[in-house]
> 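Following this message is one structure expressed as structure tokens.
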Amino acid sequence: MRIEFRKIDIGKKDFEILYQNLNFSGNFSRNRKNLVEIVAKIEGVLPIICDRCSEIYQQDIDEEITLFVSNGEYNSKNSENLLEDVVEFYDEFVDFDALFESEIESIKSDYHICKNCK
Ligand SMILES: [Zn+2]
């Protein structure tokens with residue numbers, strides 16, 4: 001799902017993306033810093049490799065995330081508070097699928113151990 005930056009305004013809009021057994025849903029709007037703010041949840045089940053025994057197991061996922069997206073390069077000098085997690089897109093679109101994928105990758109890269117190893 002891709003949405004044009006210029007079509008996103010201060011009114012919150014809901015979205016939902018399903019991918020395999022995961023659900024990425026929430027809302028997005030334009031905030032006062034002209035960033036797109038996405039408040040969302042990732043819920044479902046994700047196959048994950050146990051860091052101890054290397055077996056694949058099904059991990060329950062229930063994560064709340066807030067993302068800030070900038071249309072082009074984000075210049076943090078213009079804002080008094082430095083926002084750490086600003087994702088930059090350079091083609092006038094917010095790519096929700098790419099955001100979802102990178103969140104999944106970051107969940108996968110955390111340290112995980114399966115039930116048998118706990
Ligand atoms: Zn294990």
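As the structure lists them, so they are numbered: ligands from 1, and atoms in each ligand from 1. Sequence positions, counted from 1, serve as the residue numbers for this chain. From a predicted model like this one, the values you see are computed outputs, not experimental measurements.
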> Look at the side chain of Asp95 and the backbone N and O of Arg2, then say whether any donor-acceptor pair between them is shorter than 3.5 Å.
no
> Below 2.8 Å, which protein N, O or S atoms neighbour the Zn ion (ligand 1), ignoring water?
Cys50 SG, Cys53 SG, Cys114 SG, Cys117 SG
> Looking only at non-hydrogen atoms, find the nearest pair between Phe15 and Asn27 and report the distance.
CE2-N, 3.6 Å
> Looking at Glu88 and Tyr74, would you say the former's side chain and the latter's main chain have a donor-acceptor pair under 3.5 Å?
yes
> Tell me which one of Leu99, Ile3, Val39, Val94 satisfies side-chain contact (heavy atoms from CB on, under 4.5 Å) with Phe28.
Ile3
> Hey, does the side chain of Arg52 reach the backbone of Lys118 with a donor-acceptor pair shorter than 3.5 angstrom?
no
> Looking at CG of Leu67 and CG of Leu35, how far apart are the two atoms once the value is rounded to the nearest 0.5 Å?
11.5 Å
